[in-house]
Amino acid sequence: MKRAAAEILREFGPFPGVDRVNGVTFDGQHVWFATGDKLNALDPASGQVLRSIDVASHAGTAYDGHHLFQIAEDRIQKIDPRTGRVLATIPAPGGGGDSGLAWAEGTLWVGQHRGRKIHQIDPETGAILRTIESNRVVTGVTWTDGELWHGTWEGDESDVRRVDPRTGQVLERLEMPPGVGVSGLESDGGEQFFCGGGNSGKVRAIRRPRRGSGTGRN
């Protein structure tokens with residue numbers, strides 16, 4: 001397993017009226033972050049929040065190319081980002097113990113926080129298609145270039161880790177500085193991850209390791 005210190009590239013926030021950042025996702029232009037009762041669209045170039053949608057947003061956030069998906073207590077809402085309208089709702093697999101959310105392979109991937117699991121679910125029905133076990137609390141979840149990554153946060157220790165999607169084996173860890181936690185997690189599709197900062201009220205960008213670079217320590 002590779003281990004390395006996470007390289008924090010930028011911090012956004014804290015933002016006025018924001019006490020906590022839950023889920024995060026990226027639509028190609030904006031970083032959407034959940035704050036409990038709103039989804040906020042952040043311009044990562046300027047660091048400014050451009051607009052907000054009033055919607056329950058207690059945990060993970062995802063984007064499928066057209067719609068936002070947002071965990072709200074024990075359900076997952078499908079949202080039109082243009083109007084803010086909730087178009088559909090499905091049950092969340094953890095029944096309220098859900099954390100991260102990601103879109104990949106035409107399905108949703110849902111972290112179950114203290115259950116230490118990641119579920120792949122049908123986005124139309126919420127039916128569980130398969131489950132991956134983790135050995136740590138699961139916070140944010142993201143897929144990028146065929147790699148499954150998730151955040152962990154226990155006490156003052158937090159990291160972002162790449163796991164084998166078949167076995168759950170940890171392949172790589174990016175360790176956050178002590179006291180800096182990861183709630184939501186999303187790739188920008190390139191060399192960055194966006195991380196929700198929980199009760200810091202911040203969103204952070206960290207560097208995603210380049211493949212074939214050989215960096216990290218065993």
Q: Working to the nearest 0.5 angstrom, can you tell me the gap between Asn40 CG and Gln48 CD?
A: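 The distance works out to 12.5 Å.
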Q: How about Ile206 and Cys195: do any of their side-chain heavy atoms sit closer than 4.5 Å?
A: yes
Q: Would one find more than 12 heavy atoms of other residues, nucleotides or ligands at under 6.0 Å from atom CZ of Arg130?
A: yes
Q: Hey, does the side chain of Asp80 reach the backbone of Arg82 with a donor-acceptor pair shorter than 3.5 angstrom?
A: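 A pair under 3.5 Å: yes.
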Q: Quick test of your reading of the model: are Glu172 and Arg162 salt-bridged, counting only N-O distances below 4.0 Å?
A: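 So Glu172 pairs with Arg162 through a salt bridge.
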Q: Any donor and acceptor pair, going by atom type alone, linking the side chain of Thr107 with main-chain N or O of Ala104 inside 3.5 Å?
A: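 Here the side-chain-to-backbone pair exists.
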Q: Would Asp19 and Asn199 satisfy side-chain contact (heavy atoms from CB on, under 4.5 Å), going step by step from the backbone distance to the final call?
A: CA-CA 6 Å; Asp19 298 323; Asn199 55 13; over 6 Å; no
Q: Starting from the C-alpha separation in whole Å, work towards a yes-or-no answer on side-chain contact (heavy atoms from CB on, under 4.5 Å) for Leu101 and Leu108.
A: CA-CA 7 Å; Leu101 191 63; Leu108 287 168; 4.2 Å; yes
Q: Would you kindly confirm whether Leu185 and Val31 end up in one hydrophobic cluster when ILVMFWY residues are joined by side chain heavy atoms under 4.5 Å apart?
A: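 Each belongs to a different hydrophobic cluster.
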Q: According to ring-ring contact (aromatic ring centres under 6.0 Å, His included), does anything in residues 30-65 pair up with another residue at least two apart or in another chain? List the pairs.
A: Phe15-Phe33
Q: Please find the pair of heavy atoms, one from Asp37 and one from Ser57, that lie closest to each other, and give the distance.
A: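 Closest approach of Asp37 to Ser57, heavy atoms only: N-OG, 3.5 Å.
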Q: For the residue pair Thr25 and Leu68, what are the closest heavy atoms and their distance?
A: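 Taking every non-hydrogen atom into account, CG2-CD2, 3.8 Å.
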Q: Should Arg136 and Glu154 be marked as a salt bridge (charged side-chain N to carboxylate O under 4.0 Å, His left out) after you check the CA-CA gap, both sets of side-chain angles, and the distance that decides it?
A: CA-CA 8 Å; Arg136 295 277 282 183; Glu154 297 186 29; 3.8 Å; yes
Q: Does some side-chain heavy atom of Phe193 sit less than 4.5 Å from a side-chain heavy atom of Thr142?
A: yes
Q: Looking only at heavy atoms, which two atoms of Glu186 and Val24 are closest? And how far apart?
A: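 Heavy-atom minimum between the residues: CB-O, 3.7 Å.
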Q: Would the distance check show the side chain of Ser183 and the main-chain N or O of Val21 forming a donor-acceptor pair, the cut-off being under 3.5 Å?
A: yes
Q: What pair of heavy atoms forms the shortest contact from Ile90 to Pro123, and how long is it?
A: CD1-O, 3.6 Å
Q: Quick one, Leu9 and Glu7 - any side-chain contact, counting heavy atoms below 4.5 Å?
A: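 Yes, close enough: below the 4.5 Å cut-off.
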Q: Between Glu191 and Arg208, is the closest basic N to carboxylate O distance under 4.0 Å?
A: no
Q: Taking the side chain from Trp149 and the backbone from Trp143, do they hold a donor-acceptor pair closer than 3.5 Å?
A: no
Q: Under the side-chain contact (heavy atoms from CB on, under 4.5 Å) rule, collect the residues that match up with Asp188, sequence neighbours excluded.
A: Phe26, Gln192, Phe194
Q: Can you name the nearest heavy-atom pair linking Arg10 to Gly47, along with the distance?
A: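 Residues Arg10 and Gly47, closest heavy atoms: NH2-N, 3.8 Å.
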Q: Could you go through Thr139 and His113, starting from their C-alpha distance and side-chain angles, then the distance that decides it, and tell me whether this counts as side chain to side chain donor-acceptor pair (under 3.5 Å)?
A: CA-CA 6 Å; Thr139 57; His113 185 233; over 6 Å; no
Q: So does Gly23 get a backbone contact from the side chain of Gln70, meaning a donor-acceptor N/O pair under 3.5 Å?
A: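 Flag not set: sc Gln70 to bb Gly23 has no pair under 3.5 Å.
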Q: Using side-chain heavy atoms (C-beta onward) and a distance below 4.5 Å, is Leu148 in contact with Ile132?
A: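 When only atoms from C-beta onward are counted, Ile132 and Leu148 do touch, with a gap below 4.5 Å.
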Q: Please confirm whether the backbone N or O of Arg3 pairs with a side-chain atom of Arg173, one donor and one acceptor, at under 3.5 Å?
A: no
Q: Please determine whether the number of non-hydrogen atoms from other residues, nucleotides or ligands lying under 6.0 Å from atom CZ of Arg114 exceeds 12.
A: no
Q: Please determine whether side-chain contact (heavy atoms from CB on, under 4.5 Å) holds for the pair Val110 and Ile121, giving the CA-CA distance in whole Å, both sets of side-chain angles, and the decisive distance to 0.1 Å.
A: CA-CA 7 Å; Val110 189; Ile121 68 168; 3.8 Å; yes
Q: State, to 0.1 Å, how close Val138 and Ser99 come at their nearest heavy-atom pair, and which atoms those are.
A: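 Here Val138 and Ser99 meet closest at O-OG, 2.8 Å.
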Q: Judged by atom type as modelled, is there a donor-acceptor pair below 3.5 Å linking the side chain of Ser158 to the main-chain atoms of Val182?
A: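 The answer is yes, because a donor-acceptor pair under 3.5 Å joins these two groups.
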